[in-house]
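Excluded from the calculations below are hydrogen atoms, water molecules and symmetry mates; all remaining heavy atoms, backbone and side chain alike, are included. Below, chains carry the letters A, B, ... as their sequence lines are ordered, and counting in each starts from 1. All values derive from a computational prediction rather than experimental measurement.
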Amino acid sequence: MKPAAFDYVAPTSLDAALTALADGGYDAKPIAGGQSLVPLMAFRLAVFGQLVDLGRIEELQGVARDGDELVIGAATRQAAIAKDALVAEHAPVLAQATGWIGHQQIRNRGTIGGSICHADPAAEYPATAVALDATIDVASTRGRRSIPAAELFEAAYTTTLEPDEVAVAVRIPVRRPGEGTAIFEVARRPGDFALAGCVVRVATSGGAVIDARVLAFGVGGAPIRLAAAEAALAAGAGVGSQELTAALQADADGLTPPEDAQATSAYRHSIVVHVANTAIAEAIADSQ
Amino acid sequence: MSAQTGGAARFVGASVKRREDPRLLTGGGQFVDDVQLPGMLHAAFVRSPLASARIASIDTQAALAVPGVVAIFTGADDFPRLPPWWPSEANVPAQHPLAIEDVRFVGDPVAIVIAESRYIAEDACELVDVAYEARTPIVDYRAAGEEGAPVVHAELGTNLVAEMASPPDPALEAAFAGSDHVFKETIKSHRYAAVPMETRGFVASWNKAGGELTVHMAGQAPHVARAYFALSLGLPEHAVRVIQRDVGGGFGQKAFQARDDMAVLHAAMRIDRPLKWIEDRQENLTAATHSRHEQITIEVGVNNDGLLQAIRLDHVLDAGAYPAMPAEADPGLVAAWFPGPYKVPHFGFRNVQYYTNTTARGPYRGPWLIETTVRETMLDIVARGIGMDPAEVRRRNSIQAADQPYQLHSGIVFDRVSPAETLEQAVEMAHYAQFREEQAAARAEGRLLGIGIASYIEPTAFGGGRSMGIEAATIRIEPSGKVTCLMGLGSYGHSVETTMAQVVADELGVAFEDVTIVQGDTASAPVGGGNLGSRSAVIGGAVAGMSARKARAKILDLAGHLMEAAPDDLELVDGVVSVKGSPASSMALTEITQVAYNGADRLPEGMEPGIEETTRWSAPFVTHSNATHVCMCEVDRNTGLVKLLDYVVSEDCGVMINPMVVEGQISGGVVQGIGGALLEHIPYDADGNPLAVNFKDYLLPVADLIPEIRIGHIVTPSDTPGGHKGAGEGGTIGGVAATVNAVADALAPLGVTITEQPLSPSRLLALIEQASA
């Protein structure tokens, strides 16, 4: 469990980091908190000739409000997000999602950009980003672009980022009046990756749901929208209603959840309706 | 700490703070990985990725070319085969440190790479080119005895390790025939592991010129290890020094030396530099021992009044490829102790164990505990079957004080045990009747609350004249008046530096602070049995006390001579000898030691200078502890997750040296039992690949999941000096069964029967769904 030899650079400017990554090609890898990458390297499941540490680049740190958006530097630590006042006010479900990530020691190191770019199928931030219609700003020596979160996650551990691109910021629309959000998940132990989880955002008008995002995670390769449930909610189906239950069951039946030492595929399939129902109920309560 | 002085016992019985903690909590511990020797090299293993294969060839050329690689040894280097630990009647294969020709499990050591750093060694491991010819493995032990099953050890011609059975017994058959009910279930225990916080580790240093081998190790029994190393390596015993300072747990896994351990020592003797091997976590979960993989089919004959009439067991074990324990050990314990705290008139058993292409079975805290798991879970099944409360079934069958001494069918005698008393105390502490009311109310709301009981009588501190049963202590009253006690224990976290000092301080009449326990080093300690089998307090405590009394007698003899008083009129309290009732007439211990060491002309005629006393003592065959556990839980109907609500233990380990230490042992043990029942599992796929070899997949219990463990004590002194009984393993022994029973009780309204662990949410939700379908 010792990694193969690698070079390590810790530039203080984004340009220097991007240049190092461009020069390194496929052999170079950005590292942020290292909470996933370092174990992968220790098991030699991942071998890189050069690590480019993003932790000392000022530009990638911190939370700010920019018009109707919250802009979170990609290397902002999860622990900082959990206690950030702007996040609490404008994207509270992101702070709640952070509480489900690992343990305090992990959150002290882990970053929002690192978690999103690692794209673990059972991680909280990717699904939360999609549910909140977040946009990921990315950069390389070739220039900058913005990727809607909904278009970022291709499959387990696979994003549409190029190897020389790094996430610079996560932009999240600020919470609008009448909006409600919630996250809920089931894990074997506190801090474990979710066996099934769900992030929900509802828009309401006059107390009635008019639009919904229901994102399941841990039950497929990437965050999965439970489209039938979203449609049922937008059509006025309430929590516990036959319509919503049937829609969630239909969504669940469309899933092919993974199987591993922690849970069977059938188990993940079984609990996803309960998990989604719980999060939906909390999101609607949150909107009132 | 108890503060009164002058009484018979001032420290024994007090929760004296652990002397070990300041250094451990401030990073001052000396674990094997802290040992750095000049010129030290590092080892890493190439291990088999296949469960069964023939090694066609091994090419080490590319690996040897890596800068910093010093040597690579393979099976071709002829490290001698391992001697057996104990004589055994079983079918036992040759064990070589490194695989020769065949690999027999994923993780089987194939080559050991020695390099300037562990990093380089692991780089080189990737370049060792092993050509394997894969074979079909036998993975399922239940199929290992079938005709045509692949054979793990071709030389044996069979996968059968050993088989034993009680003789045919017409009275047993008649008892079943005459019972009002007969219940039968097959109860399975899954594969999991000891998982010590510190993995295995060695630093071995061979002094060729002096012919001496020094071995720093994370072990459990320094002298036992020394004897085995000497035998294996062809060295005289005195030429091997084993040192284990702080050790981060072992739980049985470090009690025996495995093939890879011996490969490290052989390699160290072939290179001329010290060699370190620190097992990593993946290796530990893959290639150190696994435990508890076995099943028992149990039949119970019982009458309508709840009285047990007959029990028969059919026990099948998975030995893995290279079992660490002699084949007779665990099955023998299960068969001999099975009826446990209950009067069972008729009993029969059969046991069979098989080799498989999986990691070796090894001892883990209460290695035989399936007897408690099966007996106690079956008692609950029986209770439900006859419509009687599980507590009442236990009450009616329990061995009472008046029944003792009580002889089991095996000849084992229970005496000075208190199963009826711990049952009542545990039930009371758990507010059992009140919980049943809450449970009924919760059930009416559709919630699944459960309460589970488990009782056991546990053999501890095996004696009987063999190494584990013999211990020595040397007490030296230093010239300074301070006390050093040298012991052959091998603490891996047992607080013996504290508890043994409590015993010595009391027996001598000195301050606790003035006593130092030195253990874990064969160069300083008298030969002893180490820390295993719940023996430290019973045997170590007894012998430390005996030596202290001898030293005290000599101190009083000398003081009597110097003070012109009869020794019988003197007392030693807080390091001062005085005439009983006349405290003005006194001598400090330091004055006496000065004479003892530096004033031979003032000694009485015939007295040797110095004060140093050794006692070696052979303990009686066995000392029995007993306990009752009660676990309370709620199962989430939607997720199958178990939330533990409360946990109670009532135990009897005789006279407690340090209640805090006893409760620490019990709590840690219970948590390991809970972990086994709910979380820990190393499943294998059909090809023989272990599927949980890191802490993402192998789920240890974490603090959030564990309720406060409330502990009550019944004190029935043993008949050994000091009156102690072992307390090291019981927590785990009861922990599995109580947890399983709580969950089974929660699901009882659904009509499901639980016969398999771990009680994962997948398993429980499937049961809930089946019941609802």
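- For L699(B), the parts lying near chain A are the backbone and the side chain together; criterion is any non-hydrogen pair under 4.5 Å.
- Using a 4.5 Å cut-off between heavy atoms, R281(B) touches chain A through backbone and side chain atoms alike.
- At a 4.5 Å heavy-atom cutoff, E283(B) makes no contact with chain A through either its backbone or its side chain.
- Here CG of L765(B) is found 13.0 Å from CZ of R268(A). Values are rounded to the nearest 0.5 Å.
- I120(B) does not touch chain A: none of its heavy atoms, backbone or side chain, sits under 4.5 Å away.
- Dense packing is recorded around OH of Y8(A), with more than 12 heavy atoms of other residues, nucleotides or ligands lying under 6.0 Å away.
- Contact of D192(A) with chain B is made through the side chain alone, with heavy-atom distances under 4.5 Å.
- Of the possible donor and acceptor atoms, none in the side chain of Q262(A) sits under 3.5 Å from a partner among the backbone N and O of S760(B).
- Y267(A) contributes a side-chain N or O that, together with a main-chain N or O of T639(B), makes up a donor-acceptor pair within less than 3.5 Å.
- Looking at P39(A), neither its backbone nor its side chain comes within 4.5 Å of chain B, counting heavy atoms on both sides.
- Side chain of D280(B) to main chain of M1(A): a donor-acceptor pair is present (N/O by atom type, distance under 3.5 Å, no hydrogens or angles).
- With hydrogens and angles disregarded, a donor-acceptor distance shorter than 3.5 Å links the side chain of S762(B) to the backbone of T264(A).
- Between atom NE2 of residue H42(B) and atom NZ of residue K2(A) there is a gap of 9.5 Å, rounded to the nearest 0.5 Å.
- A distance-only check finds a donor-acceptor pair linking the side chain of R189(A) to the backbone of L700(B) [under 3.5 Å].
- Per-residue counts of heavy-atom pairs under 4.5 Å with chain A were compared for I682(B), L679(B), D636(B); the largest is that of L679(B).
- For the options V702(B), D123(B), D704(B), L691(B), heavy-atom pairs under 4.5 Å to chain A are most numerous at D123(B).
- For CD of Q242(A), the number of neighbouring non-hydrogen atoms (other residues, nucleotides, ligands) closer than 6.0 Å is 12 at most.
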